[in-house]
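This report refers to the structure that appears directly beneath it.
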Amino acid sequence: MPGTNLTRVEAEARAAVITTDTYQVELDLTTSEDTFRSTSTVRFSATPGEATFIDLIAPTVHSIVLNGIELDPASAFVDSRIELTGLAADNVLTVTADCEYMNTGEGLHRFVDPEDGEVYLYSQFEVADTRRVYAVFEQPDLKASFQFTVTAPAHWHVVSNNPGTHAPVADATVTIAGKDHNVARWEFTPTTRIPCYVTAVVAGPYHRVEGTVQSRKGTLSADVYCRKALAQYLDADVVLGDTQKGFDFYESTFQMDYPFEKYDQLFVPEFNAGAMENAGCVTFLEDYVFRSKTAQARVERRTVTILHELAHMWFGDLVTMKWWNDLWLNESFAEFVSTLAAAETKYDNAWVTFNSLEKSWAYRQDQLPSTHPIMANIRDLEDVEVNFDGITYAKGASVLRQMVAWVGQDKFFEGVAEYMRKYHHANATLSDLLVELEKASGRDLAAWSDVWLQKAGVTTLRPVIEVDTHDDIAAFTIKQEVPSEWPTQRPHRLGIGGYDVKVDRHGELVLERVMFVEIDIDGPSTSVPQLIGVHRPALILVNDNDLAYAKVRMDEDSLATAVEHLSGFQDPLPRSMVLASAWDMTRDGEMAARQFIDLVLKNIGAEDQSTIVMMLLRQLETTLALFVTPDAAVEATHATGDALWHLAIEAQTGSDNQLQFVKAFASLASTEAQLDIIQGLLDGKLHLEELEIDSDLAWDLLTSLVAGGRSAEIAIELQLTKDATASGERRAANARAAIGTAEAKRTAWDLLVNADKDLPNALQSAATSGFGRVHDTALLAPYVDEYFGSVRRIYNEKTNEMAANLIEGLYPSQLAGRDEDLQTKADAWLMENADAHDALKRLIIEGRDGVRRALEAQAIDA
Ligand SMILES: [Zn+2]
């Protein structure tokens with residue numbers, strides 16, 4: 001990939017030589033449409049006489065002045081680094097360059113709104129893209145104070161980490177979309193010491209809603225921004241309400257004031273992730289401004305995301321990891337504490353969502369051959385780029401939850417508060433945190449951290465139950481099975497619940513909890529004497545209340561009860577756990593795919609948790625595409641489609657379930673009768689009461705039609721005239737790539753893989769998912785060889801985000817069981833490309849493992 005890699009060894013060597021003090025960064029955003037002028041003045045101290053280098057990715061470097069001496073860029077600037085030799089004790093370096101606007105969501109991203117030609121910019125620097133905007137010592141432990149100055153069109157808003165003021169620049173103009181604009185200059189106050197990856201500049205004619213939050217420090221400015229075109233949909237009051245809850249919760253839990261001067265939140269176009277924790281200037285994916293009716297699961301997810309980013313202000317921005325191997329500590333902590341904050345301030349069922357969403361992600365990732373300990377070995381930047389994964393976020397958060405159960409929540413946060421008091425504005429490592437947690441809790445965490453943080457893999461807990469002639473429990477043992485690659489037994493603190501089928505006062509059959517114990521287990525086999533003599537309940541659930549991180553199996557009788565009475569659970573958490581267990585069994589080839597489909601279809605209609613519904617519908621699609629034996633897949637897809645339409649009709653009108661069922665039906669619809677229904681809904685000839693066909697649902701329906709061969713390019717163009725927006729462009733890119741003809745697939749493939757000019761990140765990802773959407777997998781067969789023939793080039797030529805998304809998104813998994821050479825081709829690629837970077841090989845190994853799993857599940861389902 002372009003841009004020099006940086007190894008941990010190099011970063012350590014550099015931090016041993018220099019200490020950074022301040023940066024003054026001056027950006028002129030009025031110079032051209034392709035580049036902007038960047039002047040970076042860095043003050044730093046060094047061991048006299050030593051040499052080092054500073055990072056910069058720029059097409060042109062105009063001048064480099066070190067301590068008053070001009071260096072020649074032609075010789076000093078090589079491969080994204082500027083060599084600095086003969087350092088003094090105190091140094092001043094000024095670098096002036098033209099840097100490139102990006103359309104990949106890395107560096108300074110430039111977006112042109114197709115509606116009005118206006119330009120919107122935002123920066124995104126994590127992991128190492130600050131150097132695309134200014135010369136910088138790009139590593140997390142070289143913190144500094146940053147002071148930004150920005151020249152931009154006067155009608156824009158320019159936002160950075162700190163507050164700023166602006167004044168017009170006399171006699172200067174700039175032309176945008178054929179119109180001349182005056183120019184202004186913004187000066188921001190210097191930041192406190194922060195790592196460069198959380199510095200930020202966001203600029204453009206954004207729509208602003210002025211707001212405030214109450215901090216222990218007093219009233220702080222907290223504005224909310226989005227693109228002008230989305231202004232009518234922005235619910236800033238809800239965003240600020242969530243934010244205020246977070247401020248109250250964190251300031252009291254961490255026993256420390258919010259560390260920055262203001263807290264702006266900006267919804268920006270074409271963002272790669274969910275959000276980014278720039279200090280005092282958080283950016284979000286603009287899809288979180290809901291322009292159409294959306295599943296409640298997404299609304300709840302936005303709250304957790306808002307709370308996640310706010311947690312980073314303390315954990316990450318104020319106290320920063322020393323090197324990227326502790327990235328998990330940032331992300332796991334933010335994920336855990338934001339769920340806790342959501343559960344305690346807004347959503348009672350936030351832990352149910354956590355089980356359904358985060359834990360399933362963690363378990364999936366932890367069973368890939370590429371899994372790794374939570375404390376990953378990060379040798380260089382390319383290693384960390386692929387590590388924003390289910391281990392770093394979700395497993396880490398699950399394990400923190402187990403740790404909190406183990407040391408006690410009060411003690412845990414006492415230790416965290418002390419850690420922040422000690423390391424604020426500085427850097428720290430995991431062991432620094434463990435020291436404080438041990439002090440607060442009096443528990444020895446060395447052994448705990450060894451099995452939980454230094455060892456990968458998930459263990460499986462399986463109850464073995466014996467009953468006597470009276471149906472009382474005679475013996476109860478929990479077996480812990482370990483994966484062969486990661487043979488690590490772990491201690492768990494967990495609950496065991498027992499449920500019986502009862503008739504409630506409305507005459508309905510319900511599952512009532514009749515038994516519960518919380519115990520510690522360890523080793524391959526733990527007997528539970530507390531349960532001996534207890535009358536055997538109809539359903540026994542290990543890890544009831546979900547404190548443990550482990551896969552859980554049910555005994556045969558419990559599974560039978562669960563399948564029969566799943567909707568009888570009054571509490572959604574055990575219901576979600578049973579479903580998770582069934583999903584695990586399906587993925588592990590212990591439950592036939594079509595049996596899982598039956599379980600879901602029988603129970604999803606009564607499910608009232610939006611996230612559970614969303615996850616089950618996704619799992620249905622995966623099961624149909626990958627796990628059902630190929631001979632039965634078409635028929636199973638037709639039947640599931642019919643069942644979903646029936647569920648949509650039966651669902652309460654205007655409900656979340658109705659919307660989710662219609663969308664899922666649209667994505668499976670393939671028979672003539674099903675496509676007739678889709679066509680009817682889109683044309684308005686068929687109505688479901690209170691189901692509004694808004695912009696996004698219209699696109700869902702149209703995409704269904706083009707994938708089913710009913711409509712073509714012309715219908716997409718027509719829809720785009722009705723929704724001539726940036727969001728519409730993305731939906732159109734997705735729909736075009738989904739057209740179910742060989743020609744359309746070829747066009748999409750060439751656009752993604754073979755075009756001279758890259759698509760912007762958001763269009764690339766929309767087209768990638770459209771390409772993979774087929775009813776007839778034969779459409780994808782011609783691309784297997786081309787895929788393996790192109791990935792090396794894609795990885796080398798494109799930026800990190802763009803390459804990883806493409807290589808992952810285009811992996812021909814759907815041909816599992818349909819192309820018998822698929823695994824051989826992956827093996828051959830791995831053999832021939834043994835010298836490729838591990839990060840690239842990892843993507844191929846993960847794709848290959850997805851196919852292996854699919855083949856095993858198909859064998860069980862046959
Ligand atoms: Zn985060």
Side-chain angles (χ1 to χ4, degrees), residues 105-106 122-130 140 161 194-200 239 242-243 246-247 249-250 253-254 258-260 263-268 271-288 300-342 350 353-354 357-359 361-362 365 374-376 378 381 384-401 416 420 427-428 430 433 800-801 804:
E106 300 150 294
Y122 69 85
S123 65
Q124 168 61 33
F125 293 159
E126 194 179 22
V127 176
D129 290 311
T130 322
N161 307 96
I194 54 176
C196 64
Y197 78 91
V198 298
T199 62
V239 172
D242 290 348
T243 309
F247 265 77
F249 185 81
Y250 294 145
T253 306
F254 302 154
Y258 168 73
F260 303 107
Y263 193 68
D264 292 327
Q265 297 176 91
L266 306 102
F267 295 87
V268 299
F271 197 72
N272 284 326
M276 176 65 205
E277 69 266 26
N278 309 309
C281 181
V282 173
T283 42
F284 291 87
L285 177 73
E286 73 173 13
D287 293 3
Y288 276 133
E300 187 180 330
R301 187 67 201 160
R302 185 180 71 177
T303 298
V304 176
T305 304
I306 288 170
L307 294 169
H308 174 115
E309 303 312 321
L310 183 57
H312 276 313
M313 297 301 121
W314 288 263
F315 228 92
D317 296 6
L318 178 65
V319 182
T320 306
M321 67 201 148
K322 210 172 164 60
W323 176 245
W324 297 103
N325 60 323
D326 272 328
L327 172 69
W328 77 274
L329 199 54
N330 265 11
E331 298 307 347
S332 307
F333 186 86
E335 208 54 11
F336 164 73
V337 84
S338 57
T339 306
L340 181 68
T353 302
F354 185 80
L357 205 63
E358 299 288 307
K359 280 198 145 166
W361 183 23
Q365 189 100 40
I374 293 176
M375 273 290 286
I378 302 293
L381 294 175
V384 71
E385 291 285 358
V386 288
N387 244 28
F388 284 80
D389 62 10
I391 302 297
T392 300
Y393 283 77
K395 181 181 179 183
S398 311
V399 165
L400 280 181
R401 187 167 193 228
V416 167
M420 286 182 191
N427 294 81
L430 168 70
L433 176 64
N800 281 307
E801 289 280 354

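We use all heavy atoms of the structure for the numbers below, so side chains are in, but hydrogens, waters and symmetry mates are not. Order of appearance sets the numbers: ligands from 1, and atoms from 1 within every ligand. The shown structure was predicted, so the numbers you read here are calculated from the model rather than taken from an experiment.
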Check: Could you give the distance from CZ (F254) to CH2 (W314), rounded to the nearest 0.5 Å?
Finding: 6.5 Å

Next item on the list: May I ask you to check whether E277 brings an N, O or S atom to under 2.8 Å from the Zn ion (ligand 1)?
Entry: no

Check: Considering only N, O or S atoms, which atom of E331 is nearest to the Zn ion (ligand 1)?
Finding: OE1

Margin query: So, using salt bridge (Lys or Arg N to Asp or Glu O under 4.0 Å) as the criterion, who are the partners of E106 when residues are at least two apart?
Written below: none

Note to self: So, of the N/O/S atoms that H308 has, which is the nearest one to the Zn ion (ligand 1)?
What the structure shows: NE2

Item checked: Side chain to side chain, I391 and W328, heavy atoms closer than 4.5 Å -> no

Notebook entry, point to check: Residues two or more places apart in sequence or in another chain: which of them pass ring-ring contact (aromatic ring centres under 6.0 Å, His included) with F284?
Noted result: F267

